[in-house]
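Quick notes on the structure that follows.
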Amino acid sequence: SGGNGGATYQGVTDKEIVVSIRTLEGPSAAEIFADISGEQVSDSDTSYRDTAFALAEYFSSRFQMYGRKIKLVEFRGEGSGASELLGGGKEKALSDAERASKELGAFADVSAITIPYADALAQQKVVNIGSPYPSREWFVTRRPYSWSLFPDGTNVVESGATGFTTRFPPGSKAEFAGAAMKGQTRVYGIVAPENQEYQESV
């Protein structure tokens with residue numbers, strides 16, 4: 001009971017919380033990840049949209065929003081997911097983030113599945129969710145705006161390296177390699193994209 005504070009932040013009124021969703025031309029994020037991983041993914045814009053709106057309704061009706069409901073606002077972005085996932089397209093990502101912030105007045109964006117777009121939203125002080133595996137440092141410097149369903153890339157590298165070197169300690173010899181490598185001291189390597197956000201994790 002009582003007042004809920006009304007307009008407490010950009011995109012938050014006494015009745016709603018504005019959350020933007022950017023859609024892009026070209027393949028979806030799921031399709032891009034499927035292409036990279038070689039796994040089959042069945043996805044469509046319609047199923048993505050239906051899921052987002054169903055979840056907004058679910059959260060609005062079952063979580064304590066103090067009288068507010070989530071209002072999803074879709075917009076067609078200028079950016080390219082494929083380009084941004086490889087670290088490019090920063091200018092268009094920033095343009096899209098400015099639109100979400102200034103034109104749509106979004107409190108949050110749930111389609112920040114590329115590092116350039118998530119970074120641009122954080123610059124606009126818009127809460128964003130989805131950036132894939134940037135470094136721990138990247139998240140720390142963008143607090144409290146950037147969040148992800150994925151662990152930070154630093155955690156992935158540390159966990160992977162610890163698990164690998166525990167199983168195959170430094171100085172150990174290759175036992176099951178071909179004749180040319182058997183008995184040789186193991187050499188470790190980490191392969192990572194060249195963009196800064198992934199190099200920080202390495």
ask   = Quick one: does Leu85's side chain get under 4.5 Å of Pro116's, heavy atoms only?
value = no
key: Nearest-0.5 Å distance, CG of residue Asn195 to CD1 of residue Ile115   = 5.5 Å
key: Flag side-chain contact, heavy atom, 4.5 Å: Phe139 against Ser148   = yes
request  = Give a yes or no answer on whether the side chain of Asn128 reaches the backbone of Val126 with a donor-acceptor pair at less than 3.5 Å.
outcome  = yes
task = Could you tell me which non-hydrogen atom of Gln10 sits nearest to which non-hydrogen atom of Gly105, and how far apart they are?
result = CG-O, 3.8 Å
ask   = Given a cutoff of under 4.5 Å between side-chain heavy atoms of I, L, V, M, F, W and Y, with clusters grown through shared members, what are the other residues clustered with Phe168?
value = Phe164, Tyr188
task = Would you give the length of the straight line joining atom OG1 of Thr154 to atom CZ of Arg136, rounded to the nearest 0.5 angstrom?
result = 5.0 Å
key: Side chains of Ser131 and Trp138 in contact at under 4.5 Å (non-hydrogen atoms)   = yes
remark   = To the nearest 0.5 Å, atom CE of Met65 lies from atom CZ of Phe59 at 7.5 Å
request  = Working to the nearest 0.5 Å, report the span between CZ of Arg68 and CD1 of Ile17.
outcome  = 6.0 Å
message = Checking side-chain polar atoms at under 3.5 Å, does Glu197 have a donor or acceptor matched by the opposite partner on Ser135?
response = no
key: Shared hydrophobic cluster, Leu104 / Ile70 (ILVMFWY, side-chain heavy atoms < 4.5 Å)   = no
key: Note, Val12 side chain near Val18 side chain (heavy atom, < 4.5 Å)   = no
Minimum-distance pair of heavy atoms, taken over all atoms of Pro151 and Val156 = CG-CG2, 3.8 Å
message = Given 3.5 Å as the limit, does a donor-acceptor pair link the side chain of Ser172 with the main chain of Pro169, or not?
response = yes
inquiry  = Is there a continuous path of hydrophobic side-chain contacts, each under 4.5 Å between heavy atoms, that joins Phe63 to Leu72?
reply    = yes
With sequence neighbours excluded, residues passing side-chain contact (heavy atoms from CB on, under 4.5 Å) with Gln123 = Leu94, Asp119
ask   = Within 45° of the six-membered ring axis of Phe53 and under 6.0 Å from that ring's centre, is NZ or CZ of Arg49 located there?
value = yes
query = Relative to the ring of Phe75, is the ring of Tyr117 parallel (under 30°), tilted (30 to 60°) or perpendicular (over 60°)?
reply = tilted
ask   = If you take all heavy atoms of Gly81 and Leu24, which pair is closest and at what distance?
value = N-CD1, 3.4 Å
Atom of Tyr198, atom of Pro134 and distance for their closest heavy-atom approach = CE2-N, 4.2 Å
key: Any side-chain heavy-atom pair of Ile190 and Val157 under 4.5 Å   = yes
task = Take Glu98 and Gln124 through the side chain to side chain contact (heavy atoms under 4.5 Å, CB included) test and state the conclusion after the steps.
result = CA-CA 7 Å; Glu98 288 177 344; Gln124 298 298 314; 3.5 Å; yes
note = In short, Arg76 meets Arg99 closest at the heavy-atom pair O-NH1, 3.1 Å
key: Beyond-backbone contact of Lys71 with Val19, side-chain heavy atoms, under 4.5 angstrom   = no
task = For Asp96 and Gly79, indicate whether the former's side chain and the latter's backbone hold a donor-acceptor pair under 3.5 Å.
result = yes
query = Below 4.5 Å, heavy atoms only, C-beta onward: do Glu16 and Phe107 meet side chain to side chain?
reply = no
inquiry  = Less than 4.0 angstrom from a charged side-chain N to a carboxylate O is my criterion; do Glu84 and Arg22 meet it?
reply    = yes
query = Strictly by modelled atom types, are Lys125 and Ser101 linked by a side-chain donor-acceptor pair under 3.5 Å?
reply = no
inquiry  = For Ala93, is there any backbone N or O sitting under 3.5 Å from a side-chain donor or acceptor partner on Glu78?
reply    = no
query = Within a radius of less than 6.0 Å around CZ of Arg167, do more than 12 heavy atoms belonging to other residues, nucleotides or ligands occur?
reply = no
query = Roughly how far, to the nearest 0.5 Å, is the CD atom of Gln184 from the CD atom of Glu175?
reply = 13.5 Å
query = Between Thr162 and Thr166, which heavy-atom pair has the shortest distance, and what is it?
reply = O-OG1, 2.6 Å
query = Can you find a pair of side-chain heavy atoms, one from Trp147 and one from Val127, that are under 4.5 Å apart?
reply = yes
query = Would you say Val110 and Val73 are hydrophobically clustered, going by side-chain heavy atoms of ILVMFWY under 4.5 Å?
reply = no
Flag, side chain of Asp152 to backbone of Tyr133, donor-acceptor distance under 3.5 Å = no
request  = Give, for atom CG of Asn155 and atom OG of Ser201, the distance between the pair rounded to the nearest 0.5 Å.
outcome  = 9.5 Å
key: Common cluster, Ile129/Tyr58, ILVMFWY with side-chain heavy-atom separation under 4.5 Å   = yes
